[in-house]
Amino acid sequence: MHLLDWIMVSAYFVLMVAIGFWSHSRVSTVSDFFTAGGKMPWWLAGISHHMSGYSAVLFVAYAGVAYTDGITVYFWGMASIGIGVGIGSWLFAARWNRLRSKLGVSSPLEYLAKRYNVPTQQALAWSGSLLKIFDIAAKWFAVATILNVFAGVDYTWGIIITGSITLIYCTVGGLWADALTDFGQFVIQAIAAIVMLWVVLAKLGGISGLWTMWGKLPAAHLNPTTAKFTTVVLLVYVLVKTLEYNGGMWNLAQRYMAAPNTQEAKRGARLSSVLYLLWPLVMMFPMFAAPLLIPGIKNPNNAYAIMTTTFLPPGLIGLVLAGIFSHTMAMVSSDANAISAVITRDMMPVLWKKAKNFTNSQGLLAARLTTVVFVVLTMIVATQAPKLGGVLTIVVQWVAALMGPISVPLLLGLLPWFRRSGSRAALVSWAGGLLAYALAYYGFNASLAVTVSLPILVSLALYIGLGAVLPERNAVTDEIIDTIDQADDEVPNKPKEGSAIPA
């Protein structure tokens, strides 16, 4: 890359660190660190929710699918999220917000100890944290791939550079730093995406390329589904993403919790939904056009990076690279904050009784230390990503398939229709979903459709079925569900410190 490109990328890193240190002044309690004190405006919560939902995988693995298969990647990869978040704006956003404002919850898994029991909470916490290690490792490797193609930087050094910068600002500033850097990253990424779109349209003959390009692509590239990414995969993805992006990915639940009230939480979710439906079309258009502009490349995953380094002048290459960085850093920093919340609020007090009596300063120190340990661990695992099957295998076949069994008891446990499903239903559905995945993926080498759909369908059937056949309804569960179901908090509530969940 040219010196101007390195200046652009360096300026981006400096800006992110500066925002992190500025946010430090807004963090004085554990609630500030994990839920922004319930003071995050809806537009910031919505943009942060959107930016925290995808990473450089879009510009690597998804770009590779766009190169070989066309628009199918938009439908199962992005539109499914937009639909799922839209459903969540009606079904889940307000309930997550009430957990914070009415029950003093700071971690997405904190309520599970009373909704079910501690063993259920711990099973979901440990399995979800382990899965996130591999998920984030795939994101680090994806952005390292981009940096390697752009500038020839060694994969390990690419992981170390991006991981270290992210670690600094998310550890110092907590959720406020995550959200504010998300906004800055959104602006940078938007400029970069528009620049890339403009250059690609120029190569296609002007603005008319928006509609004339499609007739030049292979006919199969215009199909929403393919032999691999079937209609079943698409429909299951809508179900998976509805759960995953409304709390199954714990960091995204925090965006709903951080809003001042339920109306703000809903508005933020709707904004994120619209962005997922529309904005990826702008970013992915160059990916769809890649077979016409750079035909015959050996590794389709490098298509976007090759177009950038081939078609853009010095300076703009660095801008696009910064835009790609922004997605991964946004997602990983928010994930790290959520995992830190789960570890310090849910796991550590069970393992170490003194953690229950942490002062604010001790709680903040524990939160920052766990963030450091978690991010460093993901960076170590990222160096082994090729041996684990590559980015697409981890993100699509591991995370998408395993997120369902973890999300079902977490999300459905918020809803009044499933109050009869207790700890037995939660644990059996979780274990049954994981077993179904193991049998499909490792036992029978099943197709992608079966691998992704079977775990979540098994979990749903077990959770709902056991709740109906062997109900475990009790007064504590009813009180929690009734509290977060009441629509009487449309004005800001003062966040409570600590957990006020009924004993």
Side-chain angles (χ1 to χ4, degrees), residues 107-139 239-254 331-332 334-351 370-371 373-375 377-378 380-381 384 388-389 393-414 421-443 451-463 466:
S107 155
L109 271 64
E110 193 170 342
Y111 91 102
L112 293 179
K114 296 299 182 182
R115 172 60 179 86
Y116 301 116
N117 55 27
V118 172
T120 303
Q121 179 201 45
Q122 294 301 298
L124 297 179
W126 283 95
S127 58
S129 298
L130 182 62
L131 181 62
K132 268 301 173 184
I133 290 174
F134 292 95
D135 182 30
I136 295 176
K139 308 301 191 301
L239 175 59
V240 170
K241 297 305 177 183
T242 299
L243 297 177
E244 183 179 353
Y245 279 73
N246 288 293
M249 289 175 62
W250 303 333
N251 58 316
L252 300 183
Q254 287 179 298
M331 173 175 271
V332 172
S334 63
D335 271 335
N337 186 271
I339 296 296
S340 177
V342 169
I343 293 174
T344 56
R345 302 284 291 184
D346 306 323
M347 297 164 67
M348 192 178 293
V350 174
L351 298 173
T370 53
T371 302
V373 172
F374 175 77
V375 173
L377 185 57
T378 64
I380 294 172
V381 175
Q384 306 302 311
L388 299 173
T393 295
I394 294 174
V395 173
V396 174
Q397 295 191 358
W398 286 21
V399 177
L402 294 175
M403 187 61 69
I406 296 171
S407 301
V408 165
L410 175 64
L411 272 292
L412 298 193
L414 296 170
S421 297
S423 59
R424 181 193 298 112
L427 280 174
V428 172
S429 68
W430 165 78
L434 297 183
L435 179 61
Y437 170 78
L439 291 174
Y441 187 67
Y442 295 104
T451 302
V452 173
S453 63
L454 188 62
I456 191 169
L457 294 179
V458 168
S459 289
L460 282 171
L462 290 172
Y463 186 83
L466 285 173

How close do Thr378 and Val375 get, heavy atom to heavy atom, and via which atoms? OG1-O, 2.6 Å

Does Leu410 offer a backbone N or O that forms a donor-acceptor pair with the side chain of Tyr111 under 3.5 Å? yes

In terms of heavy-atom contacts, Pro405 and Ser429 come closest through CB-O, 4.5 Å

Do side-chain atoms of Gln121 reach the backbone of Leu109 as a donor and acceptor pair under 3.5 angstrom? yes

How close do Ala137 and Val381 get, heavy atom to heavy atom, and via which atoms? CB-CG1, 3.7 Å

At what distance, to the nearest 0.5 angstrom, does OG of Ser407 lie from CG of Leu124? 9.0 Å

Would you find a donor on one side and an acceptor on the other, under 3.5 Å apart, between the side chain of Ser421 and the backbone of Tyr463? yes

Rounded to the nearest 0.5 angstrom, the CD1-CD distance for Ile406 and Glu244 is 10.0 Å

Approximate separation, where rounding is to 0.5 Å, of Leu252 CG and Gln254 CD: 9.0 Å

Between Leu462 and Val408, is there a side-chain heavy-atom distance shorter than 4.5 Å? no

Is any side-chain heavy atom of Leu454 less than 4.5 Å from a side-chain heavy atom of Tyr437? no

If we only count heavy atoms from C-beta on, is the Leu460 to Leu412 side-chain gap below 4.5 Å? yes

On a heavy-atom basis, which atom in Val458 and which in Gly433 lie closest, and how many Å separate them? CG1-N, 4.2 Å

Which atom names give the shortest non-hydrogen contact between Thr120 and Ala426, and what distance separates them? CG2-CB, 3.6 Å

Between Thr242 and Leu411, is any pair of side-chain heavy atoms under 4.5 Å apart? no

Main chain of Trp126, side chain of Ser129: is a donor-acceptor contact present, judged purely on distance under 3.5 Å? no

